[in-house]
There are 2 protein chains.
Amino acid sequence: MSELKPGRSFVSAQQVAELAGVSRSAVSRTFTDGASVSETTRKKVLEAAETLGYHVNHLARSLIHEDSGIVCLIGADINTPYHSRLLDAITRRLQAINRVAMVINTSGDSDSVDAALRQTLNYRANATVVLSGTPPASLINTCINSGQHVILINRDDHLDGPENITVDNAAAAREAFHMLHRAGCRRIAVVSSQAGTPSLVARERAFEAAAGEAGLSVTITRAGPTGYGAGFEAGRLLLSGSDRPDAAFCVTDLLACGFMDAARVEFGMNVPAELCVVGFDDIEQAGWASYQLTTFRQPIAQVADHITKLLDSDDPEPAQGGRACFHADPVWRRTVRPR
Amino acid sequence: MSELKPGRSFVSAQQVAELAGVSRSAVSRTFTDGASVSETTRKKVLEAAETLGYHVNHLARSLIHEDSGIVCLIGADINTPYHSRLLDAITRRLQAINRVAMVINTSGDSDSVDAALRQTLNYRANATVVLSGTPPASLINTCINSGQHVILINRDDHLDGPENITVDNAAAAREAFHMLHRAGCRRIAVVSSQAGTPSLVARERAFEAAAGEAGLSVTITRAGPTGYGAGFEAGRLLLSGSDRPDAAFCVTDLLACGFMDAARVEFGMNVPAELCVVGFDDIEQAGWASYQLTTFRQPIAQVADHITKLLDSDDPEPAQGGRACFHADPVWRRTVRPR
DNA sequence: TGAGCCTTTGCACAAATGTGCAACGGCAGC
DNA sequence: GCTGCCGTTGCACATTTGTGCAAAGGCTCA
């Protein structure tokens, strides 16, 4: 009889077996799908497990299976509206296919990030999803070299190994330009940040190119880290000059909110009469009555679904590797004049 | 010689040992703090580990130690500004003390939540932190019964077993009342939600009590789930009546933003001239120029630090059990008239 | 040079689980 | 009643790691 420390520690299958009067194998089989157990012993085992509060130890189980069931999510700025929504969507989907999410926050000092990443590899994560453009490429390489299944969201590193899920930033940015151009705007500013994230750069570039094709040149302002503050600051800089722009493409909704607030509060401008604004992401605040921001919706649900398909071993036809690209559809609200 | 599947699967300590020409014990000791290994073999081992891409398997390690290093965070609405900031703060702190966070999202259908919680118990999490008031009490009981170390944030269930970290909602709500009362407001509304979360209820009750002591009665409106939409709806309901309130205490900043937008956009009211508003949480949007909301700051950093202290085994004087309560300090902005 | 001590190393066992294989028991069919 | 088959069960071994214990080796001191 193994020692019973009541309340202390966790219960093992051995203890359940003893209480139920069966072998440990029977306990194991009871909790293994598709294993052969008679109905009577299964019942005895479940009853004993219930009274002892037994839960299968996944750590030990994962030693044998390849599948640990853990999916690691690496990202920075998870307190941001867009990222937190992405995190929300992915964790929910993962739970639905019996995976569990481990979150590595790369916002802190890089030392602890490195340690945390090693943690992840140590836990034999089933896959690693890189949520944002910020985590350093070296981290990602470490994952790949260790045989990790890596999924990149909105990155453009041309690494071969990871699967890429991207949003068609270029198409959306071109469409953004045409929205503003058709609204009659000719002095258009691009508001971006110093982050230099691949997707932000892609938006800047495509917008600039589309403007060039229409014979316009644009000025790009990068006033700080991506966020409300940088947008506000950009607004102060751009609108205090003599030739104010008549429109702005903000590569992020947060930037757009800051920019709009600067325009209205600091300069008393009217949006969209004097100034049209287009954002990107469609965060919740874009729909608030104070902003009613015209923007592009991140296909968060589609991205999360795709990740699920890549990871769900039960899926009849698992999505296969390489690249997946989703569209960001425009959301018309009130910050761009109708034609 | 053990089989070498190049690229496939993970590397084990056995393979490293063979490449380095030492015993597996030497490999194990190399990666164990305080174990006795000579400098020369340590170097050989580290070199071999580097070329093979070896990482210690924490799952196996956790079989032996009590300490799995995993901390489970259970919460709903993690896409909300307050919760995502809390999540951000906690995950960072956990990484700093060499723990890693597993996130269980209780927003989805309860089936998958239940499954995910079982997952957590299965992974022998070091502790379980309940982030919000929403996850059902039965989940928490399951954790406690299974011998889990449970930490509750802002809950008031009087369960004995878990440690409680709370914010002094009552004191803040009383202070909120006095702020509005001193500003001359007499017809004060309380805007809440149908969530019925312990902390929200505590704020409602304390505010009502403080008003009662001052000889005022307040009306409480609960227009839906906690969020911007419910605040907006509450604004529409309250302000369309004949005797409009001259102030509102919104138990959440999101409610406050919605309420303010309804007041300004739908009714053209001026805040704070005609209507004073006080919120709670001090989310980022409260500081945006469009709102400049006077509110109470959630002591997120203190809460996260306290969790760290509870969990850090290396801490010289670990914080001990029972209850911890932090203050929510007022943040004066522009939605309450100065006296 | 020998004795003693300390460091280092390897063996073997422990942790909790899944599973192949053989044995066992019951049931049906002849 | 016997034979054959099928479902069930237990044993033993596998997964990967940490660690106590004993042995070995090297170094120092007499």
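All chains are named by letter (A, B, ...) in the order of the sequence lines, taking the proteins before the strands, and each is independently numbered beginning at 1.
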- [ ] Go through the steps to decide whether B:Ser25 and B:Ser28 satisfy the test side-chain hydrogen bond (donor to acceptor under 3.5 Å, both in side chains), and finish with yes or no.
- [x] CA-CA 5 Å; B:Ser25 308; B:Ser28 176; over 6 Å; no

Open item on the list: For A:Asn126 and A:Arg99: C-alpha separation, side-chain torsions, deciding distance, then whether side-chain contact (heavy atoms from CB on, under 4.5 Å) applies.
Closed with: CA-CA 9 Å; A:Asn126 228 319; A:Arg99 299 288 132 92; 4.2 Å; yes

Open item on the list: Checking A:Phe31 against A:Tyr54 for the ring-ring contact (aromatic ring centres under 6.0 Å, His included) test, could you report, in this order, the C-alpha distance in whole Å, the side-chain angles of both residues, the deciding distance, and whether it holds?
Closed with: CA-CA 11 Å; A:Phe31 291 100; A:Tyr54 171 72; 5.3 Å; yes

Task: Stepwise side-chain hydrogen bond (donor to acceptor under 3.5 Å, both in side chains) test for A:Thr40 and A:Ser38 - done: CA-CA 6 Å; A:Thr40 64; A:Ser38 76; 3.2 Å; yes

Sub-3.5 Å pairs of nitrogen or oxygen atoms, protein against nucleotides 11-15 of chain C:
unit_1	atom_1	unit_2	atom_2	d
C:dC11	N4	B:Ser25	OG	3.0

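Side-chain atoms of B:Asn105 and B:Ser107 include a donor-acceptor pair closer than 3.5 Å.
For the pair B:His65 NE2 and D:dT16 C1', the computed distance is 14 Å after rounding to whole Å. Distance CZ (A:Phe10) to P (C:dT17): 11 Å, rounded to an integer number of Å. For the pair B:Tyr123 OH and C:dT17 C1', the interatomic distance rounds to 13 Å; values are reported in whole Å. Atoms CD (B:Gln14) and C1' (D:dA14) sit 14 Å apart, rounded to a whole Å. As a whole-Å value, the separation of B:Arg124 CZ from C:dT17 C1' is 10 Å. Between the CG atom of A:Asn57 and the P atom of C:dA16 there is a distance of 8 Å, given to the nearest Å.
Residues satisfying the side-chain hydrogen bond (donor to acceptor under 3.5 Å, both in side chains) test with A:Ser23, not counting sequence neighbours, are none. Applying the side-chain contact (heavy atoms from CB on, under 4.5 Å) test to B:Thr51 and every residue at least two apart in sequence or in another chain returns B:Leu19. Every residue two or more places apart in sequence or in another chain was checked for a salt bridge (charged side-chain N to carboxylate O under 4.0 Å, His left out) with A:Arg29, and none qualifies.
Residues B:Ile151 and B:Thr128 fail the side-chain proximity criterion, which asks for heavy atoms closer than 4.5 Å.
Listed for the B:Thr80 side chain is no donor-acceptor partner under 3.5 Å among the backbone atoms of B:Tyr82. Between the side chain of B:Asp88 and the backbone N or O of A:Asp77 there is no donor-acceptor pair closer than 3.5 Å.
Using a 4.0 Å heavy-atom criterion, one finds that B:His58 contacts no nucleic acid atom at all.
Comparing the helix axis at one end of the helix from C:dT1-D:dA30 to C:dC30-D:dG1 with that at the other, each defined from 5 consecutive pairs, gives an inter-axis angle of 40° (nearest 10°).
Close to C:dT17, at under 4.0 Å from its OP1 or OP2, lies a side-chain N or O of A:Tyr54. The phosphate of C:dT17 (OP1 or OP2) has no side-chain N or O of A:Ser28 nearer than 4.0 angstrom.
For residues 30-46 of chain A, proximity to DNA chain C is found at A:Thr32, defined as any non-hydrogen atom under 4.0 angstrom from a strand atom.
The residue among B:Val22 and A:Ala13 whose nearest nucleotide of DNA chain C is located toward the 5' end is B:Val22.
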